[in-house]
Number of protein chains: 2
Amino acid sequence: MGDGTTPDFATRIGVRIRRLRHERNVSLSALARDAGVGKATLSGLEDGSRGNPTIETLYAIAGRLGVPIGALLPDPPQEGEKPLETIHGTAVSASLLETFSDADTDTELFRLHIRPGYVQHSPAHPPGTVEYLTVFTGTAKVGPPDALLTVGPGGHVSWTADVPHTYTAISGEDVFASLLIRTPRN
Amino acid sequence: MGDGTTPDFATRIGVRIRRLRHERNVSLSALARDAGVGKATLSGLEDGSRGNPTIETLYAIAGRLGVPIGALLPDPPQEGEKPLETIHGTAVSASLLETFSDADTDTELFRLHIRPGYVQHSPAHPPGTVEYLTVFTGTAKVGPPDALLTVGPGGHVSWTADVPHTYTAISGEDVFASLLIRTPRN
DNA sequence: CTCCCCTGTTCCGTATACGGAACAAGGTAC
DNA sequence: GTACCTTGTTCCGTATACGGAACAGGGGAG
């Protein structure tokens with residue numbers, strides 16, 4: 001490996017950890033102790049000599065710093081242009097930004113890009129699934145074919161997505177939006 | 001280690017990877033090859049027998065799947081209560097889930113928890129900043145003091161946040177919500 | 001049937017991330 | 001001065017994550 005990965009990958013993580021640690025005025029020893037990792041590990045990580053930490057290690061450190069893992073890492077990988085083809089993505093590309101599980105619901109947050117000129121079809125999701133769309137730029141027409149909703153910049157709509165539904169960018173403009181999909185568990 | 005970490009930590013990652021892979025209709029072999037990791041590694045990761053992957057491995061896989069690292073991981077660690085210093089969080093804890101930069105705007109996505117019984121004050125953000133709040137549970141009253149907005153479960157509001165504003169959970173119920181803050185750059 | 005290409009799993013030697021311990025250096029107390 | 005507590009670094013044996021290779025099984029093609 002090591003080829004696709006950025007060269008200074010190691011140091012970048014180290015710098016972020018050290019910065020976050022200093023912001024909180026905790027010593028290396030203290031953070032290591034509280035996070036349950038060896039001082040050697042943390043020291044090596046921070047100065048970049050230990051390049052490739054384990055998730056468990058990173059988790060412990062991030063947890064103790066009160067930040068999500070993502071905050072410790074260089075910007076998302078996104079090799080080349082693989083935006084994550086959603087369902088049959090000619091019109092829509094969706095990047096899954098985050099998933100989190102509440103007591104009885106799974107939530108997925110996507111960042112959505114709808115290209116004009118096509119209609120994106122999405123099949124029915126499990127019963128009770130609700131989608132929340134917040135549009136930042138452009139105007140979109142979304143929802144079940146018999147109950148399409150139009151939503152412009154700054155607008156927000158939601159619909160139950162347990163029936164087939166579509167996404168369309170209208171007025172020839174690209175649509176950028178965030179999409180939250182909430183699925184009841186079981 | 002292994003004490004603070006959830007027990008099924010390993011399997012959770014595996015399940016997510018497998019689900020994302022299946023959604024994309026790629027085989028394990030293909031993903032392993034394209035991501036530049038061993039099939040053994042990926043296989044073990046997916047079925048949970050390989051519990052504690054290296055960041056480099058996870059990065060390669062996430063990159064190839066087109067998702068940020070966070071999407072592969074169980075909920076943010078957040079040991080104890082270290083919610084990422086909001087403003088002066090007695091009433092609100094906010095976890096920064098993701099930040100992304102568009103051409104001229106920085107977007108921050110928070111997961112918000114508003115505790116009832118207090119009023120959370122937030123100072124003015126830079127001019128042009130807009131906040132988008134989507135409430136999942138509870139009812140919140142938010143916005144500038146002279147233009148408070150009430151929003152219940154499933155509801156969504158937005159307001160320009162370049163003036164001081166407040167967050168309150170009303171009706172004695174905890175509010176869980178997602179908050180997007182969009183700040184124009186320069 | 002054989003041959004080929006694919007699937008995902010398991011085996012195993014090597015590389016390395018891990019934490020405990022020892023360490024030098026800097027403060028403070030007395 | 002000594003004694004003690006920090007700080008962050010380095011040494012080193014052990015545990016383990018890694019990928020290459022071998023593997024069993026499933027479809028087609030002919």
Side-chain angles (χ1 to χ4, degrees), chain A residues 1-65 69 72-73 77 79, chain B residues 1-5 7-65 69 72-74 77 79:
Chain A
M1 211 181 308
D3 56 297
T5 324
T6 82
D8 49 349
F9 185 86
T11 63
R12 307 242 246 135
I13 299 181
V15 168
R16 298 216 182 179
I17 294 178
R18 180 157 284 172
R19 206 187 66 215
L20 286 167
R21 178 168 68 78
H22 283 157
E23 281 175 5
R24 283 160 184 67
N25 273 327
V26 268
S27 69
L28 187 149
S29 310
L31 178 57
R33 173 176 28 85
D34 294 349
V37 308
K39 293 204 294 179
T41 304
L42 185 53
S43 174
L45 246 182
E46 283 195 359
D47 78 2
S49 67
R50 191 87 65 117
N52 184 21
T54 276
I55 270 294
E56 200 167 283
T57 299
L58 220 52
Y59 229 67
I61 294 171
R64 203 62 208 185
L65 289 171
I69 291 270
L72 300 184
L73 299 172
E79 306 212 359
Chain B
M1 216 182 299
D3 54 298
T5 325
D8 49 348
F9 186 85
T11 63
R12 308 241 247 136
I13 299 180
V15 168
R16 300 217 179 179
I17 293 179
R18 180 156 284 173
R19 206 187 66 213
L20 287 166
R21 179 168 66 79
H22 283 156
E23 282 175 8
R24 283 160 187 68
N25 274 327
V26 266
S27 69
L28 186 149
S29 311
L31 178 57
R33 170 176 30 84
D34 296 349
V37 308
K39 294 203 294 179
T41 304
L42 184 53
S43 173
L45 246 182
E46 283 196 358
D47 78 1
S49 67
R50 192 88 63 118
N52 185 22
T54 277
I55 270 294
E56 201 167 281
T57 299
L58 220 52
Y59 230 65
I61 294 170
R64 204 61 207 185
L65 289 171
I69 291 270
L72 299 184
L73 299 172
E79 305 213 357

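Because the structure is a prediction, the values reported are computed rather than measured. A note on names: the letters A, B, ... follow the listed sequences, proteins ahead of strands, and every chain is numbered from 1.
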[X] [atom1] to [N] [atom2], straight-line distance once rounded to whole Å:
{"X": "B:L42", "N": "D:dA21", "atom1": "CG", "atom2": "P", "value": "18 Å"}
{"X": "A:R21", "N": "D:dG8", "atom1": "CZ", "atom2": "C1'", "value": "8 Å"}
{"X": "A:I55", "N": "C:dC18", "atom1": "CD1", "atom2": "C1'", "value": "15 Å"}
{"X": "A:D34", "N": "C:dG19", "atom1": "CG", "atom2": "P", "value": "14 Å"}
{"X": "A:L31", "N": "D:dT9", "atom1": "CG", "atom2": "C1'", "value": "16 Å"}
{"X": "A:L45", "N": "D:dG8", "atom1": "CG", "atom2": "P", "value": "15 Å"}
{"X": "A:E56", "N": "D:dC18", "atom1": "CD", "atom2": "C1'", "value": "17 Å"}
{"X": "B:K39", "N": "C:dC5", "atom1": "NZ", "atom2": "P", "value": "14 Å"}

Problem set entry | Candidates B:R19, B:K39, B:R21 - the one meeting salt bridge (Lys or Arg N to Asp or Glu O under 4.0 Å) with B:E46 | B:R21
Please tell me which of the listed nucleotides, [options], lies nearest to the side chain of [X]?
{"X": "A:R18", "options": "D:dT9, D:dG19, C:dT7", "answer": "D:dT9"}
{"X": "A:T57", "options": "D:dA22, C:dC18, D:dG8", "answer": "C:dC18"}
{"X": "A:P53", "options": "C:dC18, C:dG8, D:dG8", "answer": "C:dC18"}
{"X": "A:T41", "options": "D:dT10, D:dA22, C:dG19", "answer": "C:dG19"}
{"X": "A:A40", "options": "C:dT7, D:dT10, C:dT10", "answer": "D:dT10"}
{"X": "B:T54", "options": "D:dA22, D:dT9, D:dA17", "answer": "D:dA17"}

Exercise. Looking only at atom types and distance, does a side-chain atom of A:N52 sit under 3.5 Å from a main-chain N or O of B:T54, one as donor and one as acceptor?
Worked result: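 The answer is no, because no donor-acceptor pair under 3.5 Å joins these two groups.
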Seminar exercise, completed: By nearest-nucleotide position on DNA chain C, the 5'-leaning member of B:G44 and B:A30 is B:A30
For this session: Take A:G38 and B:E46, find for each the nucleotide of DNA chain C with the closest heavy atom, and name the residue whose nucleotide sits nearer the 5' end.
Result: B:E46
Just verifying a value: how many Å separate [X] [atom1] and [Y] [atom2], rounded to the nearest 0.5 Å?
{"X": "B:L31", "Y": "B:I17", "atom1": "CG", "atom2": "CD1", "answer": "8.0 Å"}
{"X": "B:I61", "Y": "B:T41", "atom1": "CD1", "atom2": "OG1", "answer": "8.0 Å"}
{"X": "B:T11", "Y": "B:L45", "atom1": "OG1", "atom2": "CG", "answer": "11.5 Å"}
{"X": "A:T57", "Y": "B:I55", "atom1": "OG1", "atom2": "CD1", "answer": "9.5 Å"}

Any base atoms under 4.0 Å from [X], or only sugar-phosphate, or nothing? Heavy atoms, all strands.
{"X": "A:S27", "result": "sugar-phosphate"}
{"X": "A:R33", "result": "nothing"}
{"X": "B:S29", "result": "base"}

Exercise. Angle, rounded to 10°, between the helical axes spanning five pairs at each terminus of the helix from C:dC1-D:dG30 to C:dC30-D:dG1?
Worked result: 10°
Exercise. Of A:H22 and A:N52, whose closest DNA chain D nucleotide lies nearer the 5' terminus?
Worked result: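 With A:N52 and A:H22 compared, the 5'-side residue is A:H22.
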Exercise. Considering all heavy atoms of both residues, which atom of A:A60 and which atom of A:A35 are nearest to each other, and what is their separation?
Worked result: CB-O, 3.4 Å
For this session: Assess whether side chain to side chain contact (heavy atoms under 4.5 Å, CB included) is satisfied between B:L65 and B:L72, documenting all intermediate values.
Result: CA-CA 10 Å; B:L65 289 171; B:L72 299 184; 4.3 Å; yes
